[in-house]
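The next block holds one structure in the form of structure tokens; read it before the comments.
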Amino acid sequence: MKNSILLSLVTAVLLMLRCYSFIPSLDQQWKLSSPLPMTTNPSETPREGSLADATKKLGSVPYGETSRKYRRTVFRHKDWVAHRSSSSRILDNLQSIFFSGVFRQLRPQVSAVTSVAAAVLVWNYLATTSTGLPTDQLGLKVLTLPNLPFTLSSPALGLLLVFRTNAAYFRWMSGRDAWSRMIVHSKNLVRMTSVFSTDDETLEDFSKVVWLYCRSVMNKLSSPDEDESVYRKEVQTVFGDSSIASSVISSPNRVMSAWKVMSIKLHSLPASDSKALIETDKSIIILGECTSIFERIYSSPVPLVYTRHTARYLSVWSLLLPCALYSSFSLLWSW
């Protein structure tokens, strides 16, 4: 029994150390950071702004909040072909298990549960075995719990986690659908401008204003540390010394300011059919609706009461689970 417990403790410690000290080579990091590690070649130039590109520039794979701006995977034809024809996906995923961003972010929680399990193991060993230590005189009781409460509570915990996961994916899909609508109606505005006016300069000016609105929405939804300097540089590059750039950048509400400029530009076009102009204006209204969807998702998380309740439930369930599993593995301790 003593050997079994020592083996279990050593295994737990080694796993924890492995989680905290796993640092693959740069080629491994670049390969594993790709959404398609089974076909990624370190000699290829990664897509600008991708996680693989960030890995090559930073020297290590970012994770957590640092990696959030890079996890915007865009699949193209060759990506789909490689994804469908993967023959080593299972092996690649197993090789990168200690390198996973999710795995690395969960290290504190997993370490806490592992520590509790190790403490329960040591406590019960001292309570059931005569070691010659002073603890033999304390009359320690075995820490154990029946399996039935965990069996009955598992469905409730599963429902809590599934609801949260579904809510997260629904919010992601809502944002993706809204961005698709914004792209479609932005193209529609440019298309109708080319119908109203045959002047290439007018079409280019209006296209820039449409781009300015979409770019301002992106800036509002991005971290100031991540996007502010890039936003200013891009707007000034596109508009140069134009008063539009300075007025929008200095505006307390850049999205509303760009929305106003776009509306003024549209209604200044030499449209012969006023009804067609009014119908085109509806695309600007839809852009505003899409922006309100983004703002709602950005400012309204999954209800915090529900999130905290789920976190408390999961924490208590996980931390008490080692006590229930001890009796289930009693045959192992008797070796």
Side-chain angles (χ1 to χ4, degrees), residues 35 49 51 54 62-74 100-106 108-109 155-189 210-232 234-235 248-263 281-318:
L51 192 61
Y63 71 99
E65 289 298 322
T66 307
S67 69
R68 191 172 294 274
K69 62 181 178 180
Y70 302 114
R71 295 189 179 276
R72 297 164 185 167
T73 305
V74 177
S100 165
V102 175
F103 193 93
R104 294 159 75 186
Q105 276 202 283
L106 290 178
Q109 293 85 343
L157 178 61
L159 289 175
L160 288 172
L161 295 175
V162 167
F163 175 83
R164 177 174 169 77
T165 302
N166 288 344
Y169 275 108
F170 176 76
R171 290 161 61 86
W172 184 86
M173 283 301 301
S174 297
R176 188 65 186 89
D177 291 342
W179 187 252
S180 297
R181 293 180 65 200
M182 179 170 282
I183 293 175
V184 169
H185 286 280
S186 296
K187 292 179 178 179
N188 181 60
L189 286 169
V210 174
W211 172 86
L212 177 62
Y213 177 80
C214 298
R215 188 64 182 85
S216 298
V217 172
M218 291 177 60
N219 175 255
K220 184 175 183 179
L221 301 175
S222 302
S223 168
D225 297 335
E226 170 190 342
D227 191 61
E228 181 61 26
S229 59
V230 178
Y231 171 79
R232 289 176 176 269
E234 289 181 356
V235 172
V248 172
I249 290 176
S250 61
S251 173
N253 192 331
R254 292 170 175 171
V255 175
M256 287 298 298
S257 179
W259 205 22
K260 173 186 174 182
V261 173
M262 184 167 50
S263 300
D281 188 80
K282 292 181 180 179
S283 290
I284 295 182
I285 298 175
I286 293 176
L287 292 183
E289 292 177 355
C290 294
T291 302
S292 68
I293 294 175
F294 298 143
E295 293 173 343
R296 172 178 56 81
I297 296 174
Y298 187 77
S299 61
S300 303
V302 175
L304 296 181
V305 173
Y306 178 86
T307 301
R308 290 167 182 161
H309 176 69
T310 303
R312 292 167 185 146
Y313 195 133
L314 180 60
S315 299
V316 173
W317 196 91
S318 301

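Looking at residues two or more places apart in sequence or on another chain, you find no ring pair (Phe, Tyr, Trp, His ring centres under 6.0 Å) involving W172. For R254, the salt bridge (charged side-chain N to carboxylate O under 4.0 Å, His left out) partners two or more places apart in sequence, or in a different chain, are E228. Under the rule for a side-chain contact (heavy atoms from CB on, under 4.5 Å), the partners of S263 that lie at least two apart in sequence or sit in another chain are I284. Remark: S186 pairs with no residue by the side chain to side chain donor-acceptor pair (under 3.5 Å) rule, at least two apart or across chains. Looking at residues two or more places apart in sequence or on another chain, you find a ring pair (Phe, Tyr, Trp, His ring centres under 6.0 Å) between F294 and W179. Taking the side-chain contact (heavy atoms from CB on, under 4.5 Å) definition, one finds that S315 meets it with nothing, sequence neighbours left out. Annotation: side chain to side chain donor-acceptor pair (under 3.5 Å) contacts of S251 (sequence neighbours excluded): none. Q109 meets the side-chain contact (heavy atoms from CB on, under 4.5 Å) test with L106; sequence neighbours excluded. For R308, the side-chain contact (heavy atoms from CB on, under 4.5 Å) test picks out L304, R312, with sequence neighbours left out. Applying the side chain to side chain donor-acceptor pair (under 3.5 Å) test to R176 and every residue at least two apart in sequence or in another chain returns S180.
A heavy-atom distance below 4.5 Å is not found between the side chains of H185 and V210. Counting heavy atoms from C-beta outward, N219 and V235 have side chains that stay 4.5 Å or more apart. Side-chain contact between M182 and Y213 is present, with heavy atoms from C-beta onward closer than 4.5 Å. Side-chain atoms of S223 and D227, non-hydrogen and from C-beta on, never get closer than 4.5 Å to each other.
Expressed to the nearest 0.5 Å, how far CE of M262 lies from OG of S283 amounts to 9.5 Å. We find the CG-CG distance between L189 and L287 to be 6.0 Å, quoted to the nearest 0.5 Å.
S257 contributes no side-chain N or O that, together with a main-chain N or O of N253, makes up a donor-acceptor pair within less than 3.5 Å.
The shortest heavy-atom contact between W259 and I285 is CZ2-CA, 4.3 Å. V302 and A167 get closest at one heavy-atom pair: CG2-CB, 4.1 Å. Shown here for A258 and S216, the closest heavy-atom pair between the two residues is CB-OG, 4.0 Å.
Heavy atoms of other residues, nucleotides or ligands lying less than 6.0 angstrom from CZ of F170 number 12 at most.
Sequence neighbours left out, the pairs with a member in residues 281-300 that pass salt bridge (charged side-chain N to carboxylate O under 4.0 Å, His left out) are R181-E289, K220-E295, E279-K282.
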For residues 158-166, dump all side-chain donor-acceptor pairs below 3.5 Å to protein atoms at least two apart in sequence or in another chain.
{"residue": "R164", "atom": "NH1", "partner": "T307", "partner atom": "OG1", "Å": "3.1"}
{"residue": "T165", "atom": "OG1", "partner": "L161", "partner atom": "O", "Å": "2.9"}
{"residue": "N166", "atom": "ND2", "partner": "V162", "partner atom": "O", "Å": "3.4"}

